[in-house]
Amino acid sequence: MAQRIKLTLPDGKVLEFASGITAAGVAEAIGAGLARAALAAVVDGRAVDLSTELDHDASFEILTFDSRAGREVFWHSSAHVMAQAVKALYPGAKLAIGPPIEEGFYYDFDLPSPLTEDDLGRIEERMKQLIAADTTFERREYSAAEARELFTREHEPYKVEILAQVEHEGETISVYTQGGFIDLCRGPHLPSTGRIKAFKLLAVAGAYWKDAEGNPQLQRIYGVSYPDKKLLQEFLVRREEAARRDHRKLGKELDLFSLQEEGGGGLVFWHPKGALIRHQIENFWREEHLKNGYDLVYSPHIARLNLWNRSGHTDFYAESMYPPFDIEGNPYQLKPMNCPFHILIYKSRLHSYRELPLRWAELGTVYRYERSGVLHGLMRVRGFTQDDAHIFCAKEEIEREIARTLDFSLYLLRAFGFQQMKIYLSTRPAKSIGEEADWVKAESSLRAALTAAGVEYAIDEGAGAFYGPKIDICVRDAIGREWQCTTIQFDFNLAERFDLTYVGADGNRHRPFLVHRALLGSLERFFGILIEHYAGAFPVWLAPVQVVVLPIVDSLNEYAGRVQQQLAAAGLRSQLDERSEKINLKIREAELAKIPYMFVIGAREAEAGQVTVRRHGRKEQKVVDLAEAIADIVSTDRQKEQ
RNA sequence: GCCCAUGUAGCUCAGGCGGUAGAGCACAUCCUUGGUAAGGAUGAGGUCACCGGUUCGAAUCCGGUCGUGGGCUCCA
């Protein structure tokens with residue numbers, strides 16, 4: 001009498017079961033391996049618990065740790081276990097929210113006294129006990145009134161507040177329990193706590209309730225968890241690798257840059273070696289811009305406050321700007337952006353459609369107020385140099401211009417060694433200015449350019465700036481992390497505010513499109529990204545010292561000096577280590593300094609006009625004629641290859 | 001800005017429940033002239049972030065300030 005139901009699997013296969021079978025039962029029927037890996041299921045697009053009984057034909061999928069959704073279930077359940085431990089250890093704790101994140105999970109608590117990192121060990125111990133107990137996660141659905149009564153009784157004011165939201169949205173109200181722990185939760189969850197085979201709590205941090213600063217500050221605990229100890233191990237190794245590449249650490253070790261207490265937070269000092277790398281980046285950048293139809297401009301660092309009033313920055317950007325200051329009774333402002341300056345250049349005379357598009361580029365240094373707590377090495381600073389440009393073009397030209405800019409950006413980023421990019425298109429937000437037709441035109445040109453470039457992209461609906469849609473490009477670094485570099489943005493606001501015009505073929509004035517773009521982002525941040533990407537071992541064309549000459553004994557210093565002269569003559573940057581130290585020491589130090597080439601010189605080499613070449617990170621030695629060795633490096637230098 | 005942590009020689013760090021500090025590396029001088037990741041000796045170097053309080057006495061305890069790190073928020 002049991003009814004039969006049909007389940008359609010992701011591969012299109014259809015299986016038949018008796019109605020009332022659980023999702024876990026289906027997994028079991030498909031295979032024992034899958035049943036073991038199963039964390040939850042998706043029925044008709046809805047994630048559900050494995051214990052869910054199925055009673056109608058549906059699409060069906062088992063979630064495992066291999067899928068994003070599966071991991072989210074895993075981490076979400078881990079957050080519940082952590083919350084259970086915290087509630088057991090700190091009786092006054094009130095629960096806020098505990099979602100899965102990119103990698104791992106967190107839970108926010110309102111606690112009578114602050115947590116320190118030392119508390120994490122205690123919480124971990126308790127979690128281990130809870131996991132060993134292998135308690136099942138149980139789901140129950142409640143009416144709004146019942147749930148409200150339950151959480152009021154449990155003294156969980158934040159849950160009551162969330163409940164109001166859930167109720168408002170008309171969602172089913174579900175509550176999960178494991179052991180004595182109760183939480184308002186959409187689910188789904190793991191079958192039981194024992195599925196969490198490995199976990200680690202990582203950090204405590206402050207966070208505001210609902211992320212709003214006026215609200216009470218909660219204490220957030222971050223953690224990660226995995227179904228396998230090996231995966232946790234791998235995660236920890238990845239963290240170590242990231243720490244090893246940290247640009248702040250390498251910046252100090254390699255003497256590239258510093259941030260100084262006496263100098264002020266977020267203000268970067270470029271030391272000679274870092275400055276040399278920046279010089280290389282800037283030269284390349286300028287040359288390529290000139291080759292690609294840009295003109296270079298320069299603008300001042302301060303301007304009358306009136307300019308910033310007209311541009312609207314004093315309205316919509318005030319919180320990022322430093323206070324104005326007085327010069328002979330006139331208020332002036334340190335620049336947080338370059339755009340108004342390029343616009344002033346544009347407005348200095350009348351322009352014809354025949355001149356367009358105008359592409360004006362500047363490595364423009366700007367200053368923005370960032371709250372002390374957010375400063376971070378080179379990644380987040382208060383003074384930085386944007387690789388900025390503004391394109392003024394006619395409506396008919398924008399598609400081509402965007403396509404060009406996109407190609408140019410991808411070309412530049414690839415030259416710096418980034419092969420994989422991720423591209424995002426952000427469209428019109430709810431609150432925005434400008435003509436609907438212009439937005440449509442701008443967005444379609446961005447789409448067309450992306451399609452023409454044959455690159456994949458994701459659309460971020462409504463994430464554009466209020467003044468125009470944009471494309472952002474993120475690079476993927478050597479250890480798989482994403483960093484946003486390029487941004488290409490339309491700006492309808494400034495074109496309007498400054499009443500930009502050009503004279504068209506019809507003799508009438510027209511409004512040009514204004515496109516703002518930074519390809520590397522800022523030189524400071526990009527430098528930080530490069531340091532981490534290369535782990536400090538820069539490719540030959542960027543390396544501050546490309547070759548170090550290492551004579552084995554003092555008596556060969558003279559020959560070594562001549563070798564260095566020849567390197568210089570070939571346009572290579574070299575260093576001569578003529579200290580009375582053993583070759584072992586010299587090599588060790590050259591390796592630690594991550595210098596790409598070592599020329600070791602002994603009596604044999606001096607005799608034959610040769611050098612022994614050793615490359616950074618490789619042990620092989622190659623004895624070659626000096627001229628050949630130099631020619632080889634020169635060609636590598638030109639090719640911008642490692 | 002807020003929460004947590006943290007600030008000892010140029011760097012990396014020990015120590016210190018109150019009696020003016022120590023190592024390794026780096027630096028200087030000397031010895032050593034040695035073929036692929038640290039040769040040896042000697043020496044110099046610190047108002048223990050800064051300001052204030054408690055105390056006979058503070059680097060150590062307390063308060064504040066500044067910096068740094070991890071978050072929150074925002075973004076290049």
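First the proteins, then the strands, lettered A, B, ... as listed; each starts at 1. All of these numbers come straight from a predicted model, not from anything done at the bench.
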**OP:** Can you tell me the distance, in whole Å, between the CZ atom of A/R382 and the C1' atom of B/G1?
**Re:** 11 Å

Original post:
Expressed in angstrom and rounded to an integer, what is the separation of A/L267 atom CG from B/G67 atom C1'?
Top reply: 13 Å

Subject >> Identified pairing partner of B/U6, criterion: Watson-Crick or G-U wobble below 3.5 Å >> reply: B/G67

Original post:
When the ring centroid of A/W308 is compared with that of A/F341, is the distance short of 6.0 Å?
Top reply: yes

Subject >> Residue closer to the 5' end of RNA chain B, A/H376 versus A/E261 (nearest nucleotide) >> reply: A/E261

**OP:** May I have the distance from A/Q219 (atom CD) to B/A5 (atom C1'), rounded to whole angstrom?
**Re:** 13 Å

**OP:** Tell me what A/G528 touches on the nucleic acid: a base, only sugar-phosphate, or nothing, going by heavy atoms under 4.0 Å.
**Re:** nothing

**OP:** Please name the residue in the list A/L567, A/L576, A/T612 that meets the side chain to side chain contact (heavy atoms under 4.5 Å, CB included) test with A/F599.
**Re:** A/L567

Subject >> P gap between B/C13 and B/G52, integer Å >> reply: 30 Å

Subject >> Nucleotide forming a Watson-Crick or wobble pair with B/C61, both distances under 3.5 Å >> reply: B/G53

Original post:
Quick one: what's the B/S/- string for nucleotides 30-38 of chain B, heavy-atom cutoff under 4.0 Å, read 5' to 3'?
Top reply: --BBBBBBB

Original post:
Roughly how far apart, to the nearest Å, are B/A58 and B/G40 at atom P?
Top reply: 42 Å

**OP:** Measure the acute angle between the ring planes of A/F316 and A/Y467, then classify it against the limits of 30° and 60° as parallel, tilted or perpendicular.
**Re:** tilted

Subject >> Nearest-angstrom distance, P atom, B/G22 to B/U47 >> reply: 15 Å

Subject >> Interatomic distance at C1', B/G45 relative to B/G39, whole Å >> reply: 24 Å

**OP:** Decide whether a cation-pi geometry holds between A/R615 and A/Y597; the criteria are a distance under 6.0 Å from NZ or CZ to the six-membered ring centre and an angle within 45° of the ring axis.
**Re:** yes

Subject >> Nearest-angstrom distance from the residue atom CZ of A/F526 to P of B/C75 >> reply: 22 Å

Original post:
For atom C1', what is the distance between B/A76 and B/A38, given to the nearest Å?
Top reply: 42 Å

Original post:
Taking the six-membered ring for Trp, is the centroid-to-centroid distance between A/Y294 and A/F408 below 6.0 Å?
Top reply: yes

**OP:** Kindly write out the residues that satisfy side-chain contact (heavy atoms from CB on, under 4.5 Å) with A/R248, not counting sequence neighbours, or none if the list is empty.
**Re:** A/D246, A/H376

**OP:** Write down the distance between NZ (A/K200) and C1' (B/G70), rounded to a whole number of angstrom.
**Re:** 14 Å

Subject >> Between C1' of B/A76 and CZ of A/R517, the distance in whole Å >> reply: 13 Å

Original post:
Charged N to carboxylate O below 4.0 Å: is that the case for A/R278 and A/E524?
Top reply: yes

Original post:
Taking the six-membered ring for Trp, are A/F538 and A/F527 parallel (under 30°), tilted (30 to 60°) or perpendicular (over 60°)?
Top reply: parallel

Subject >> Whether A/F384 stacks on the six-membered ring of B/A76 base, 5.5 Å and 30° limits >> reply: yes

**OP:** Tell which nucleotide pairs with B/U12, taking only Watson-Crick or G-U wobble pairs whose two distances are both under 3.5 angstrom.
**Re:** B/A23

**OP:** Could you tell me which nucleotide pairs with B/G34 by Watson-Crick or G-U wobble geometry, both distances under 3.5 Å, or answer none if nothing does?
**Re:** none

I'd like a list of close polar pairs between nucleotides 8-14 of chain B and the protein, N/O only, cut-off under 3.5 Å.
from	atom 1	to	atom 2	distance (Å)
B/U12	OP1	A/K252	NZ	3.1

**OP:** With P as the reference atom in both, quote the distance from B/G10 to B/G1 in angstrom, rounded to an integer.
**Re:** 27 Å

**OP:** Let me know the distance between CG of A/L375 and P of B/G67, rounded to the nearest Å.
**Re:** 9 Å

**OP:** Scan A/Q260 against the nucleic acid and name what it touches under 4.0 Å (heavy atoms): base, sugar-phosphate only, or nothing.
**Re:** nothing

**OP:** Searching all strands shown, indicate the nucleotide that pairs with B/A41 (Watson-Crick or G-U wobble; both distances under 3.5 Å).
**Re:** B/U29

Original post:
Roughly, in whole Å, what's the span from CE in A/M379 to P in B/U68?
Top reply: 16 Å

Original post:
If you check the A/A205 side chain, which of B/G70, B/C4, B/C74 turns out closest?
Top reply: B/G70

Original post:
So among A/R525, A/R245, A/R481, which one has a salt bridge (Lys or Arg N to Asp or Glu O under 4.0 Å) with A/E532?
Top reply: A/R481

Subject >> Carboxylate-amine/guanidinium proximity below 4.0 Å for A/R476 and A/E482 >> reply: yes

Subject >> Interatomic distance at C1', B/A21 relative to B/G16, whole Å >> reply: 9 Å

**OP:** Sticking with atom C1', work out how far B/G18 lies from B/G57, rounded to a whole angstrom.
**Re:** 8 Å

Original post:
Should B/C74 form a Watson-Crick or G-U wobble pair with both distances under 3.5 Å, which nucleotide is its partner?
Top reply: none

Original post:
According to the interplanar angle, ranging from 0 to 90°, do the rings of A/F284 and A/Y411 count as parallel (below 30°), tilted (30 to 60°) or perpendicular (above 60°)?
Top reply: tilted

**OP:** Between B/A76, B/C72, B/G70, spot the one nearest the side chain of A/Y222, thanks.
**Re:** B/C72

Original post:
Touch check for A/V366, heavy atoms < 4.0 angstrom, all strands: base, sugar-phosphate only, or nothing?
Top reply: nothing

Subject >> Closest-nucleotide ordering on RNA chain B, the 5'-leading residue of A/G265 and A/Q484 >> reply: A/G265

Subject >> Residue from A/L413, A/L519, A/I531 passing side chain to side chain contact (heavy atoms under 4.5 Å, CB included) with A/F526 >> reply: A/L413

Original post:
Are OP1 or OP2 of B/U73 and a side-chain N or O of A/R371 less than 4.0 angstrom apart?
Top reply: no

Original post:
Where the side chain of A/R220 is concerned, which of B/A76, B/U73, B/C72 is the nearest nucleotide?
Top reply: B/C72

